[in-house]
Amino acid sequence: MQGFDAAKINEIIRKASEGSRFYQHKQQAQQKLDAKIKEMLHTAQQMSPQLLEKATKKMEAVALECEAGRDLSRTIVHVDMDMFYAAVEMRDQPNLKDVPMAVGGNSMLSTSNYIARKFGVRAGMPGFIARQLCPALVLVPPNFSKYKAVSRVVEQVFAIYDPNYAMMSLDEAYLDITDYMEANADAYQAKSEVDNETLAEAIVREMRLKIQEATQLTASAGIAANTRLAKVCSDLNKPNGQYYLPSDTRAIMDFINKLPIRKISGIGNVTEQQLKALGITLCGQIRPNYGLLRLLFSDCSLDYFVRISLGLGETDLSNYTSGEQKSISTETTFTGTSCKQKLMQMVSDLSIELHGDMKKKGLVGKLVTLKTKTVNFVLKTRSMALGEPTSDPEVMGKVARKLLIAEMEKCPVDEPLSLRLLGVRMSNLSEEASSGRAKQTTISKMFEKQTVSAGRESSSNYCLVTESVAREVQAFHD
DNA sequence: TACATACAC
DNA sequence: CATGGTGTATGTA
């Protein structure tokens with residue numbers, strides 16, 4: 001069993017994709033982006049040197065201000081479990097250890113092991129393409145409740161080193177170990193004084209070992225002065241490794257200057273292409289292009305770019321943990337249909353499911369949003385505000401159905417709305433007024449209203465939905 | 001406020 | 001045969 005080279009992998013993926021509606025839509029999106037970039041370059045060419053110089057000076061002033069706020073006093077760690085879901089499955093089914101395997105389904109993989117990666121099988125890839133790359137691939141359906149349980153064990157290790165650790169997903173967290181280092185320096189130095197680097201590395205190595213002892217799974221870590229840098233660093237010695245970046249401006253600048261912008265969290269495919277068109281592929285190329293960037297991007301992006309170019313980032317983890325939830329949603333993909341009754345039924349089902357999730361969290365919301373995706377992968381959202389916050393499935397469902405009907409009516413009869421995805425989201429959230437009595441009222445109301453409303457709907461053959469199975473929440477990629 | 005886009009995981 | 005689900009931030013009008 002050999003791996004493939006990149007050219008062969010791309011060829012197989014291209015053959016499997018081309019002609020599909022998914023691929024066509026992707027190409028359209030790319031053309032749109034190309035046009036946008038072309039326009040951007042046109043704008044750039046028309047800039048006078050004077051204007052550019054002025055913009056550069058403004059940006060340099062911002063940079064100076066940011067530089068003044070540089071905080072090198074904290075030691076931040078980003079910990080990332082190695083191929084988390086796949087590692088859990090391999091641990092529990094040893095026969096999976098020596099074969100190419102991935103966790104996911106036919107439509108999407110969440111992660112793959114290193115043997116499968118040699119064949120080009122990656123997170124985010126549909127299972128049917130993965131099988132073409134690697135016919136021997138073993139596909140394991142996800143067990144989210146198991147991963148959650150493992151994650152809780154890992155969290156207990158994190159808590160030793162920083163009780164205020166910030167969990168970013170099931171397999172990833174930031175820790176501020178500054179206080180732990182100070183409090184425990186003595187325990188880690190054998191005879192002589194230990195410098196910060198040795199101390200931080202020893203502590204993180206020990207933490208990773210504790211994770212491994214507790215879970216039989218390995219983790220990688222990055223250690224740096226802020227979360228942005230720590231996150232990049234955790235990727236450098238993966239799997240089962242760690243990387244320390246000294247908290248020293250010179251070391252940070254040397255590091256950041258040669259770093260590809262795409263490695264920065266928040267720089268995705270689109271931004272990468274835009275910046276590339278301007279000749280920027282490395283973080284070190286941002287500062288020489290300050291003026292250009294200022295004239296092409298929003299203030300908010302500028303601040304972000306400046307901070308990246310200086311290697312600045314978040315040092316206060318409470319900024320990750322303090323916020324309240326802003327929205328809650330449920331969506332589902334299905335084989336494309338334009339059957340009105342089926343679609344309406346699904347919206348009702350989703351509303352009931354959403355109600356369950358909201359009740360669990362004690363949330364009510366004021367803004368209902370319907371999300372649709374056509375069989376050609378065109379996404380749309382339509383929303384409507386309610387008079388008062390609710391989580392009542394019938395109220396949410398009624399509004400969502402209304403929004404769906406409005407969309408369907410926009411289509412000509414010979415070309416009805418044909419969808420492959422529906423979603424319902426609630427936002428403008430607040431806490432549910434929680435007394436047992438209030439909840440009871442809500443529940444009885446729900447049944448009343450459902451009965452009444454079901455008879456009133458035009459597609460009245462949709463019935464009250466059976467209890468939907470509790471859905472596993474999922475962050476799909478590792 | 002409403003909608004689209006970009007991004008992370 | 002055939003490409004996911006949940007949540008946040010931001011730009012724009």
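Proteins come first, then strands; the chains are lettered A, B, ... in the order of their sequence lines, and each starts at number 1.
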Using a cut-off of 4.0 Å on non-hydrogen atoms, how would the nucleic acid contact of [X] be classed: base, sugar-phosphate, or nothing?
| X | value |
| --- | --- |
| Thr335(A) | nothing |
| Ile267(A) | sugar-phosphate |
| Lys231(A) | sugar-phosphate |
| Lys380(A) | sugar-phosphate |

May I have the distance from [X] (atom [atom1]) to [N] (atom [atom2]), rounded to whole angstrom?
| X | N | atom1 | atom2 | value |
| --- | --- | --- | --- | --- |
| Phe305(A) | dC7(B) | CZ | C1' | 13 Å |
| Leu370(A) | dC3(B) | CG | P | 10 Å |
| Asn376(A) | dA2(C) | CG | C1' | 15 Å |
| Glu314(A) | dA9(C) | CD | P | 13 Å |
| Lys373(A) | dT5(B) | NZ | P | 13 Å |
| Asp235(A) | dC9(B) | CG | C1' | 13 Å |
| Leu33(A) | dT5(B) | CG | C1' | 11 Å |
| Leu170(A) | dC9(B) | CG | P | 13 Å |

If the cut-off is 4.0 Å, is [X] near the phosphate of [N], judged by side-chain N/O to OP1 or OP2?
| X | N | answer |
| --- | --- | --- |
| Arg420(A) | dA2(C) | no |
| Ser383(A) | dC3(B) | yes |
| Thr381(A) | dA4(B) | yes |
| Lys326(A) | dA9(C) | yes |
| Arg382(A) | dA4(B) | yes |
| Thr333(A) | dG5(C) | yes |
| Lys371(A) | dA4(B) | no |
| Ser329(A) | dG5(C) | no |
| Ser265(A) | dC7(B) | no |

Problem - Residues Ser318(A) and Asp316(A): side-chain donor-acceptor under 3.5 angstrom - result: yes
Exercise for the section: Apply side chain to side chain donor-acceptor pair (under 3.5 Å) to the pair Asn143(A) and Glu89(A), showing each step before the final yes or no. Expected result: CA-CA 9 Å; Asn143(A) 295 292; Glu89(A) 299 301 340; 2.8 Å; yes
Handout entry: Given Leu419(A), Leu422(A), Leu421(A), the one that forms side chain to side chain contact (heavy atoms under 4.5 Å, CB included) with Thr333(A)
Key =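 The passing option is Leu421(A).
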Handout entry: Among Lys398(A), Met408(A), Arg382(A), the one residue meeting side chain to side chain contact (heavy atoms under 4.5 Å, CB included) with Leu403(A)
Key =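 When side chain to side chain contact (heavy atoms under 4.5 Å, CB included) is applied between Leu403(A) and each of Lys398(A), Met408(A), Arg382(A), only Arg382(A) qualifies.
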Give the nucleotide from the list [options] with an atom nearest to the side chain of [X].
| X | options | result |
| --- | --- | --- |
| Asn428(A) | dT1(B), dT3(C), dC9(B) | dT1(B) |
| Glu331(A) | dT6(C), dC9(B), dT8(C) | dT6(C) |
| Glu172(A) | dT6(C), dC9(B), dT3(C) | dC9(B) |
| Asn106(A) | dG5(C), dA6(B), dA2(C) | dA2(C) |
| Arg262(A) | dC9(B), dA2(C), dA8(B) | dA8(B) |

In terms of side-chain geometry, is the basic nitrogen of [X] or [Y] positioned less than 4.0 Å from the acidic oxygen of its partner?
| X | Y | value |
| --- | --- | --- |
| Lys276(A) | Glu272(A) | no |
| Glu39(A) | Lys36(A) | no |
| Glu407(A) | Lys410(A) | yes |

Problem - Closest-nucleotide 5' rank along DNA chain B - winner of Met168(A) and Lys32(A) - result: Lys32(A)
Exercise for the section: Between Ala16(A) and Glu324(A), name the one whose nearest nucleotide on DNA chain C is closer to the 5' end. Expected result: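 The residue mapped nearer the 5' terminus is Ala16(A).
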Problem - Residue closer to the 5' end of DNA chain C, Ser17(A) versus Gln325(A) (nearest nucleotide) - result: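 On the 5' side of the pair lies Ser17(A).
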Practice task
For Tyr290(A) and Phe305(A), run ring pair (Phe, Tyr, Trp, His ring centres under 6.0 Å): C-alpha distance rounded to whole Å, both residues' side-chain angles, the deciding distance at 0.1 Å, then the answer.
Solution key: CA-CA 9 Å; Tyr290(A) 269 177; Phe305(A) 289 147; 9.5 Å; no
All N/O contacts under 3.5 Å from nucleotides 10-13 of chain C to the protein, with atom names and distances to one decimal?
| unit_1 | atom_1 | unit_2 | atom_2 | d |
| --- | --- | --- | --- | --- |
| dG11(C) | OP1 | Ser298(A) | OG | 2.3 |

Handout entry: Note, Pro100(A) side chain near Val121(A) side chain (heavy atom, < 4.5 Å)
Key =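 A side-chain contact under 4.5 Å is absent here.
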